[in-house]
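Residue numbers start from 1 in every chain, and the chains themselves are labelled A, B, ... in the order their sequence lines are given, proteins ahead of strands.
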Amino acid sequence: MDTLPLYAASFAAGICAALGLGGGTVLILFLTAVGGYSRQAAQGINLVFFIPCALTALAAYRKEHLFQPKKLLPALLFGTVGAILGALFGLTAEQALMRRAFGAFLVAMGMVTLSRCQQKSERTSYFGGNQDNPAK
Amino acid sequence: MRKDKLSAAGFLSGAVNGLFGAGGGNIAVLMLEREGADPKTAHASALALTLVFSIVSIFIYTAKGALDPVNAAKLLPFGAMGAFVGTRLMKRIDPMMLVRLFACVMIYFGIRMMTN
């Protein structure tokens, strides 16, 4: 793949990430659909891509004391086991099966996102203001 | 939040993140919010969890030869520039409309992946 479209995809993914639109999904979709990357390679690139974005955001969240690492310990331990199993399975499973599974995951997440948007806008119109941030 | 539910949320989020290389954060946010966490705390906690799961997954992807982290890192400056532009754009556009649009794009590509 030419490097220019790859850089453009990274740039677009960065915009989407900042807007809270799931930059990772954009990057994986672009790399597989347009860039001709294998699903595993695209997913791996996305994982690397995520690290600095998360570190930057977490630095801000930490100042606001929005998460407490000690309280998250059980989730971290079990999640690490889950991540190892998930990665090992994802890398060895049949490509076609994983492609369909990822498709199903995208559909499910898209539906959940739409439903949450709907709930949010119903709440806002019912109360006549933004209930998540009443100051607005 | 109960420890067993927190563990389950972590496991599912980690498994999805390892499996698809993305999406673990979405699962964690959903599950944490369902257990009563406020949206901001849920997002921050999900981000912290996904950071760890992503690092673990990167090691496995690299060990299995599916990833060249050095090459992938070359894309980071472009992502950072995009993020900078995104934060500027955020002040000018309706985020809800964008989220809806993006959800539709996800569903479209999801159906294409399932059927092709």
S.K.: Considering only heavy atoms from C-beta outward, does the side chain of Arg100(B) approach that of Gln118(A) to under 4.5 Å?
M.R.: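 The answer is yes; the side chains approach within 4.5 Å.
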S.K.: Determine, stepwise, if the pair Val107(A) / Ile111(B) fulfils side-chain contact (heavy atoms from CB on, under 4.5 Å).
M.R.: CA-CA 7 Å; Val107(A) 171; Ile111(B) 292 171; 3.9 Å; yes
S.K.: Quick check for you: to the nearest 0.5 Å, what is the distance between Phe109(B) atom CZ and Leu29(A) atom CG?
M.R.: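 The CG atom of Leu29(A) is 6.0 Å from CZ of Phe109(B), to the nearest 0.5 Å.
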S.K.: Would you say Met113(B) and Met98(A) make side-chain contact, with heavy atoms under 4.5 Å?
M.R.: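 Answer no - side chains too far apart.
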S.K.: Chain A heavy atoms under 4.5 Å from Val70(B): which part of the residue, side chain, backbone, both or neither?
M.R.: neither
S.K.: Checking heavy atoms, do the side chain of Val16(B), its backbone, both or neither come under 4.5 Å from chain A?
M.R.: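 Contact with chain A is through the side chain of Val16(B) alone.
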S.K.: Against chain A, label Thr50(B) side chain, backbone, both or neither, depending on which of its atoms sit under 4.5 Å from a heavy atom there.
M.R.: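 For Thr50(B), the contact with chain A is made by backbone and side chain together.
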S.K.: Flag the pair Arg116(A) / Leu30(B) as yes when at least one side-chain heavy-atom distance between them is below 4.5 Å, and no otherwise.
M.R.: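 Contact flag for Arg116(A)/Leu30(B) side chains = yes.
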S.K.: So for Thr41(B), is it side chain, backbone, both, or neither that comes closer than 4.5 Å to the heavy atoms of chain A?
M.R.: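 The answer is both parts of Thr41(B).
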S.K.: Kindly compute the distance separating CD1 (Ile60(B)) from CG (Leu88(A)), expressed to the nearest 0.5 Å.
M.R.: 4.5 Å
S.K.: Is it true that Met111(A) and Met31(B) fall in one hydrophobic cluster, defined by side-chain heavy atoms closer than 4.5 Å?
M.R.: no
S.K.: May I ask you to name which of Ala73(B), Gly24(B), Ala15(B) has the most heavy-atom pairs under 4.5 Å with chain A?
M.R.: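 The option with the most such pairs is Ala15(B).
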S.K.: Apply side-chain contact (heavy atoms from CB on, under 4.5 Å) to residues Thr115(B) and Arg100(A) and explain how you reach the verdict.
M.R.: CA-CA 8 Å; Thr115(B) 52; Arg100(A) 287 202 181 96; over 6 Å; no
S.K.: Say whether Met114(B) and Leu106(A) are linked into one hydrophobic cluster, either directly or through other cluster members, by side-chain heavy-atom distances under 4.5 angstrom.
M.R.: no
S.K.: Of all of Gly90(A), Ala12(A), Cys117(A), Ala101(A), which one pairs up most often with chain B through heavy atoms under 4.5 Å apart?
M.R.: Cys117(A)
S.K.: Yes or no on side-chain contact (heavy atoms from CB on, under 4.5 Å) for Leu19(B) and Leu85(A), after CA distance, side-chain angles and deciding distance?
M.R.: CA-CA 8 Å; Leu19(B) 196 61; Leu85(A) 295 176; over 6 Å; no
S.K.: Using a 4.5 angstrom heavy-atom cutoff, name the option from Ala96(A), Ala93(A), Gly79(A) with the most pairs to chain B.
M.R.: Gly79(A)
S.K.: For residues Leu49(B) and Leu47(B): do they belong to one hydrophobic cluster (side chain heavy atoms under 4.5 Å, members Ile, Leu, Val, Met, Phe, Trp, Tyr)?
M.R.: yes
S.K.: What part of Lys3(B) gets within 4.5 angstrom of chain A, counting heavy atoms only: side chain, backbone, both, or neither?
M.R.: both
S.K.: For a 4.5 angstrom cut-off between non-hydrogen side-chain atoms, does Leu77(A) reach Ser7(B)?
M.R.: no
S.K.: Using the rule that Ile, Leu, Val, Met, Phe, Trp and Tyr join whenever any side-chain heavy atoms are under 4.5 Å apart, tell me whether Met81(B) and Phe84(B) fall into a single cluster.
M.R.: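 Result: no, two separate clusters.
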S.K.: Side chain from CB out, backbone as N, CA, C, O: work out which of these in Ile55(B) comes under 4.5 Å of a heavy atom of chain A, or both, or neither.
M.R.: both
S.K.: Just verifying a value: how many Å separate Lys74(B) NZ and Ile45(A) CD1, rounded to the nearest 0.5 Å?
M.R.: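 Lys74(B) atom NZ to Ile45(A) atom CD1 measures 11.0 Å (nearest 0.5 Å).
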S.K.: Which region of Ala9(B), side chain (C-beta onward) or backbone (N, CA, C, O), has a non-hydrogen atom less than 4.5 Å from a non-hydrogen atom of chain A, or is it both or neither?
M.R.: neither
S.K.: Between Ser45(B), Ala42(B), Ala22(B), who has the most heavy-atom pairs with chain A when the cutoff is under 4.5 Å?
M.R.: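 That would be Ser45(B).
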S.K.: Does the gap between the ring centers of Phe11(A) and Phe78(B) come in under 6.0 Å?
M.R.: no
S.K.: Answer yes if the side chains of Tyr61(B) and Gln43(A) hold a donor-acceptor pair under 3.5 Å, and no otherwise.
M.R.: yes
S.K.: Quick check on the interface: out of Gly65(B), Ala8(B), Ala103(B), who has the most heavy-atom pairs with chain A under 4.5 Å?
M.R.: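 Sorted descending by pairs with chain A, the first entry is Ala103(B).
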S.K.: Starting at CG of Leu27(A), measure out to CG of Leu75(B) and round the result to the nearest 0.5 Å.
M.R.: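 Rounded to the nearest 0.5 Å, the CG-CG separation comes to 7.0 Å.
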S.K.: Give, as side chain, backbone, both or neither, the part of Phe50(A) having an atom under 4.5 angstrom from any heavy atom of chain B.
M.R.: side chain
S.K.: Excluding sequence neighbours, so at least two apart, what forms ring-ring contact (aromatic ring centres under 6.0 Å, His included) with Phe20(B)?
M.R.: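 ring-ring contact (aromatic ring centres under 6.0 Å, His included) check on Phe20(B) returns Phe102(A), Phe105(A).
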S.K.: Are Leu101(B) and Phe30(A) connected in a single hydrophobic cluster, I mean Ile/Leu/Val/Met/Phe/Trp/Tyr linked by side-chain heavy atoms less than 4.5 Å apart?
M.R.: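 No, separate clusters.
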S.K.: Taking Pro77(B), Ala28(B), Gly14(B) one by one, which has the highest count of heavy-atom pairs under 4.5 Å against chain A?
M.R.: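 Among Pro77(B), Ala28(B), Gly14(B), the one with the most close pairs to chain A is Gly14(B).
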S.K.: Between Leu51(B), Val56(B), Asn26(B), which has the largest tally of heavy atom pairs under 4.5 Å with chain A?
M.R.: Leu51(B)
S.K.: Hey, are the side chains of Thr113(A) and Phe102(B) touching, using non-hydrogen atoms and a 4.5 Å cut-off?
M.R.: no
S.K.: Among the options Ile84(A), Ile28(A), Thr32(A), Val81(A), pick out the one with the most heavy-atom pairs lying under 4.5 Å from chain B.
M.R.: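 It is Ile84(A).
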S.K.: Should Met106(B) and Thr25(A) count as side-chain neighbours, where that means a heavy-atom distance under 4.5 Å?
M.R.: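 Met106(B) vs Thr25(A): side chains touch.
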S.K.: I'd like to check Leu114(A) versus Ile107(B) (side-chain heavy atoms, cut-off strictly below 4.5 Å). Are they in contact?
M.R.: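 Result yes, sub-4.5 Å side-chain heavy-atom pair found.
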S.K.: Set out, in order, the CA-CA distance, both residues' side-chain angles and the distance that settles side-chain contact (heavy atoms from CB on, under 4.5 Å) for Leu47(A) and Leu67(B), then state yes or no.
M.R.: CA-CA 10 Å; Leu47(A) 287 167; Leu67(B) 170 68; 5.5 Å; no
